[in-house]
Amino acid sequence: MLRFLQRPIGRSGALLSIVAAACLSGGAAVAQSIEQQSGRVPGLPEPSIGSSLPSELADPGGVRSRLARRGVLFGINYIGEVFGNPTGGFRQGTVYDGRAELQVQADLEKMLGLRGLSFFANAYQIHGQGISAEDLGVLMPVSFIEADPANRLSELWFEQKLFADRVSIRFGALALDTEFMLTDGGAALLNGTWGWPAIAALNMPQNGPAYPLAAPGIRFAYAPTDRLVTRLAILNGNPAGACSPESDPQVCNPYGVKFPLDAPPLLIGEAAYSYNEEPGELAGTIKLGGYRNFGTYSFQHVITGGVHVGWAKDHDIETDGDFGLYATFDQMIYRLPGAGDPKGIALFGRVFGAPGHNPVNVYWEAGITFEGLHPSRPDDTFALGYAHTSISPDVAEHQEANQRPVITSYEAVLEASYAAQIIPGFTLQPDFQYFWNPGGHVSDPADLNKPIPNAAVFGLRTTVNY
């Protein structure tokens, strides 16, 4: 059954329903089996407004069910959102942005008899203007769907499963934020940093292979037990291909159909261990991972979320290869009685570290989620999270030597969000975010001797899965 994830997954990859099992295991964005539930159209995504519609609307002309019987699943998702900052930022305003996504998966075993082989692709139509670049200048984008307006291909890959599905090999155009560095709890929030963290976006060339840019590569996964999953991926280190350092990578690869193979590789590995998965137990997952870039690149020009990071030019360092390490956790602390997917109260967090010559040397976050606590709203989720991006002291030293009037230090964000399911597949999500030191404590364009003021952002998102 096709399951939409919170993020392309990202910040994906990136849709509103939370699929706990897929996030905990880091599995594919879609399940491999097609099951017809009682009274349900075969091949319908989970969740989908189609489950609340007459069958002639959920399955027009019987196309969806016929495709599902042949092993082809598709889903359409739309996210629309409005954000405004009544205070703070370098100016105040209100913006709208939106993203439509088409996902297609094919079970090639069912279609062609190729045992264990499947195909997946998704594409976006992105429109509107993100508030992060328009009014705030923040490093951690307000929304994980923010990107340059475009029609673009995202992921396109084949996956081969072997040895009773204990081993899988995925190859094609891959986005790392669908499987790596993720927490289950972070998927309940809207800021982009909860998926692809600011330290990865700022330290990796061209922001790394994550939404909205995928890169050619191959991913290996091995699950020796039901509780332990290991993953290793190697990808092209420059997802936009040939692109001058001062250019926006999304402009260099505007449609997502460049598949560069000539850049130095990026290697990433991760191990995830899950425990207490029996009914009634307080489940948890711990992940340890790291990455290494093998290319030589400069940090003078850094662009994230459409924001040109002005202080990067004060950090005139060229590195021959680079790396980062991280750890994440999800831990349920209260579980509602009953069978089925666990609901209740859970904690989540991540910590990242990188060498001091990077723009960002430390990143950490922590949060809490409350899911299904009210009997009349079993599918609603409230989430609260705090994220902290520390700018490397090397940057401040360069700025002090250059006598900059404002010296960088850190950026932090506090987010509170409530996702209310109106019907399965249709969600409303009011959101509040408060930023300290937008841009990492940088000069206000209106007065270079003063930093951009702290900013409060209010928003409302609608999500429809069909």
Side chains of [X] and [Y]: do they bring a donor and an acceptor to under 3.5 Å?
X      : Y      : value
Asp322 : Asn358 : yes
Thr183 : Thr328 : no
Asn77  : Asn465 : yes
His398 : Glu400 : no
Asn437 : Glu411 : no
Tyr275 : Gln331 : yes
Glu81  : Thr462 : no
Tyr363 : Thr193 : yes
Glu101 : Asn122 : yes
Asp431 : Ser417 : yes

Under 6.0 Å between ring centres, would you say that holds for [X] and [Y]?
X      : Y      : result
Trp364 : Tyr386 : yes
His374 : Tyr418 : no
Phe83  : Tyr96  : no

* Apply the test ring pair (Phe, Tyr, Trp, His ring centres under 6.0 Å) to residues Tyr291 and Tyr326: give CA-CA distance (whole Å), side-chain angles for both, the deciding distance (0.1 Å), then the verdict. => CA-CA 9 Å; Tyr291 65 87; Tyr326 64 91; 7.6 Å; no
Any side-chain heavy atom of [X] sitting closer than 4.5 Å to one from [Y]?
X      : Y      : result
Glu134 : Ser132 : no
Pro212 : Gln250 : yes
Leu189 : Phe348 : yes
Pro260 : Asn238 : no
Leu139 : Ile391 : yes
Val142 : Gln433 : yes
Gln105 : Ser118 : yes
Phe329 : Lys287 : no

* Please confirm whether Arg292 makes a cation-pi placement over Phe294, using NZ or CZ under 6.0 Å from the six-membered ring centre and within 45° of the ring normal. =>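 Output yes; distance and angle both within limits.
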* Give a yes/no verdict on a cation-pi contact between Arg461 and Phe144, requiring under 6.0 Å between NZ or CZ and the six-membered ring centre and an angle within 45° of the axis. =>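 Ring-cation test returns yes.
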Do the charged groups of [X] and [Y] touch, with an N to O distance under 4.0 Å?
X      : Y      : answer
Lys343 : Asp379 : yes
Arg335 : Glu281 : no
Asp444 : Arg91  : no

* May I have the step-by-step check of side chain to side chain donor-acceptor pair (under 3.5 Å) for Thr463 and Gln429, ending in yes or no? => CA-CA 8 Å; Thr463 301; Gln429 189 166 2; 5.5 Å; no
Given 3.5 Å as the limit, does a donor-acceptor pair link the side chain of [X] with the main chain of [Y], or not?
X      : Y      : answer
Asp97  : Gln129 : no
Thr285 : Asp330 : no
Lys258 : Ala242 : no
Asn85  : Gly93  : yes

Check [X] against [Y] and note the closest heavy-atom contact, atom names and distance.
X      : Y      : result
Ser443 : Pro405 : OG-CG, 4.2 Å
Phe90  : Pro445 : CB-CD, 3.7 Å
Ala175 : Glu155 : N-OE2, 2.9 Å
Pro209 : Met204 : CD-SD, 4.3 Å
Val138 : Pro438 : CG1-CB, 3.8 Å
Arg350 : Trp194 : NH2-O, 3.1 Å

* For the residue pair Phe382 and Phe370, does the interplanar ring angle fall in the parallel (under 30°), tilted (30 to 60°) or perpendicular (over 60°) class? ->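 Taking Phe370 first and then Phe382, their aromatic rings sit tilted (interplane angle of 30° to 60°).
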* To do: Kindly assign one of parallel, tilted or perpendicular to the pair Phe158 and Phe119, based on the angle between their ring planes and the thresholds 30° and 60°.
  =>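 The arrangement is tilted - the two ring planes meet at 30° to 60°.
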* To do: Carefully, step by step, assess Ile131 and Glu146 under the rule side-chain contact (heavy atoms from CB on, under 4.5 Å).
  => CA-CA 8 Å; Ile131 195 172; Glu146 287 188 16; 3.9 Å; yes
* Output, in order, the C-alpha distance, side-chain angles, deciding distance and verdict of side-chain contact (heavy atoms from CB on, under 4.5 Å) for Trp157 and Arg219. => CA-CA 10 Å; Trp157 45 257; Arg219 188 273 286 146; over 6 Å; no
* Asked: Step by step, would you call His441 with Tyr410 a ring pair (Phe, Tyr, Trp, His ring centres under 6.0 Å)?
  -> CA-CA 6 Å; His441 195 252; Tyr410 72 91; 8.2 Å; no
